[in-house]
Protein chains: 2
Amino acid sequence: MNEGVEWALHSCLNLSWAEPGEAVTAARLAAFYRLPAAYLNKQLQALARAGILTSISGPRGGFRLARPPEKITLLDVVVAIEGPQDAFRCEGILREGPGGRPEVDYREVCVVSQEMRKAELAWRRELASRTLADVRATVERRHPGTPESTRDRFAQLRT
Amino acid sequence: MNEGVEWALHSCLNLSWAEPGEAVTAARLAAFYRLPAAYLNKQLQALARAGILTSISGPRGGFRLARPPEKITLLDVVVAIEGPQDAFRCEGILREGPGGRPEVDYREVCVVSQEMRKAELAWRRELASRTLADVRATVERRHPGTPESTRDRFAQLRT
DNA sequence: GTCATACTACTCGGATAAGAACTGTCCGAGTGGGGTAGG
DNA sequence: CCTACCCCACTCGGACAGTTCTTATCCGAGTAGTATGAC
């Protein structure tokens, strides 16, 4: 799985702690964890294309969450970065086997493919059941000072 | 996920239908689905290293299952090909953040990492609950002629 | 006829390239704010 | 003093290289079977 997934999840989390209505630039989000700014920008663009973030150009621009954290699941973020295709690639191997028919969709017929999809569905279901708000609440319960310190860090990085 | 996973799963399944005690060469397993023989051989080597297959050199050599299909889970095969590491790479991003400590294992502390691991565990659990024997039984129920036709194919490919 | 031996063909195993995907970097288009000059 | 305009700095966005991982290929080490010759 792409490394950008980790960056995207943490960046979304940090954005959820930003001042309401405030846009945070990719440079500041990157400085938070000493990440390469231009590359993080690329990932944030993907999140914007997926409708998870809104991007604002120009001075005072940056990114902010496009909808409340309760409406953003971890699966949304993962799919935005990784793409919607399944991790297990069923290349229709049976099509090349004996008695294979080109017109058959072997993702539906192949038992191996079905089992792999079932497992992947369990993974997706788990990710879809957790929202950004859930994660944020857990973090705040364990480390109550996080929201304030995050806002402070952003303010400090504003130069 | 590597394409070799699909090849490995189907090859193991085909091996489970081979004559008991018969070793099938990588070339024949590859010809079954018109796969590149040398590369499939590489995947089969990984399965052998993982203890799923036994490899025999020389004439009349090849691969066969190292243990009965009831004792081989889909997870075993996936791990043998993909490696044991998690798909979600937690690079300890928090270590570089404010107040990060180098000695902390952030896979245990980071809430994001925990949620991702939980999802991945669900995936692994699903794969571990299905054995090669289960898949084989399902295939035989839907297509009763498969065992015989598979053996015929192997015999035909023996030249 | 039997046995030992050397040979040959066959298979796995790891070392070696080609290709694709991920990671990282750069510069241009667009935008909003602030300074400035005029009324 | 107020307003309109212009310039500039700032940010995203997509186009452009470097590196790692996946995919594919090849040749050598080892082995089992077989043919051959001697006894």
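Residue numbers start from 1 in every chain, and the chains themselves are labelled A, B, ... in the order their sequence lines are given, proteins ahead of strands.
- The line from CG of B/L65 to CH2 of B/W17 is 11.5 Å long, rounded to the nearest 0.5 Å.
- Among the atoms of the strands shown, only primed sugar atoms or phosphate atoms (P, OP1, OP2) are found under 4.0 Å from some heavy atom of A/A26.
- Taking OH of A/Y106 as the start and CZ of A/R95 as the end, the distance is 7.0 Å to the nearest 0.5 Å.
- With values rounded to the nearest 0.5 angstrom, A/S16 atom OG is found 4.5 Å from A/R136 atom CZ.
- Partners of A/N41 according to the side chain to side chain contact (heavy atoms under 4.5 Å, CB included) rule, which considers only residues two or more places apart in sequence or in another chain, are A/A26, A/Q45, A/F63.
- Distance check: A/F32 CZ to A/H10 NE2 gives 10.5 Å after rounding to the nearest 0.5 Å.
- Atom pair A/I81:CD1 and C/dA21:C1' shows a separation of 15 Å (rounding to whole Å applied).
- Each of B/N41 and A/Q43 lies near DNA chain C, and the nucleotide nearest B/N41 is the one positioned closer to the 5' end.
- For A/R117, the side-chain hydrogen bond (donor to acceptor under 3.5 Å, both in side chains) test picks out A/D86, with sequence neighbours left out.
- Near DNA chain D, meaning a heavy atom under 4.0 Å from it, residues 29-38 of chain B has B/P36, B/A38 in order of number.
- Residues passing the side chain to side chain contact (heavy atoms under 4.5 Å, CB included) test with A/R67, sequence neighbours excluded: A/I52, A/K71, A/I72, A/D76.
- Scanning for side-chain hydrogen bond (donor to acceptor under 3.5 Å, both in side chains) contacts around A/W7 gives an empty result, with sequence neighbours left out.
- Here the range on DNA chain D touched by chain B, meaning any atom under 4.0 Å from one of its heavy atoms, is D/dT22 to D/dA32.
- Note on B/R89: a side-chain N or O is less than 4.0 Å away from OP1 or OP2 of C/dT23.
- Ranked by how close their nearest DNA chain D nucleotide is to the 5' end, A/K42 and A/S57 are led by A/S57.
- Residues forming a salt bridge (Lys or Arg N to Asp or Glu O under 4.0 Å) with B/R130 (at least two apart in sequence, or on another chain): A/E115.
- Within residues 48-55 of chain A, the residues having any heavy atom closer than 4.0 Å to DNA chain D are, in order of number, A/R49, A/S55.
- To the nearest 0.5 Å, atom OG1 of residue B/T138 and atom NE2 of residue B/H143 are 10.5 Å apart.
- The residue B/L44 sits apart from the nucleic acid: no heavy atom pair falls under 4.0 Å.
- Among B/V78, B/V77, B/T73, the single residue meeting the side chain to side chain contact (heavy atoms under 4.5 Å, CB included) criterion with B/L127 is B/V78.
- Counted within 6.0 Å of CZ on B/R60, heavy atoms from surrounding residues, nucleotides or ligands total 12 or fewer; the atom is thus considered open.
- Atom OG1 of A/T150 sits about 9.0 Å away from atom CD of A/E140, to the nearest 0.5 Å.
- Every residue was checked against the side-chain hydrogen bond (donor to acceptor under 3.5 Å, both in side chains) condition with A/R101, not counting sequence neighbours, and none meets it.
- Near-neighbour residues of DNA chain D inside residues 6-18 of chain B, defined by a heavy atom below 4.0 Å, number-ordered: B/W7.
- Note on A/A27: nothing from the nucleic acid sits closer than 4.0 angstrom, heavy atoms only.
- Side-chain N/O atoms of B/T131 and B/D134 include a donor and acceptor closer than 3.5 Å.
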What are the atom names and distances for every N/O pair under 3.5 Å that joins the protein to nucleotides 3-9 of chain C?
none

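- Among the atoms of the strands shown, none is found under 4.0 Å from any heavy atom of A/R28.
- For A/Q43, the side-chain hydrogen bond (donor to acceptor under 3.5 Å, both in side chains) test picks out A/Y39, with sequence neighbours left out.
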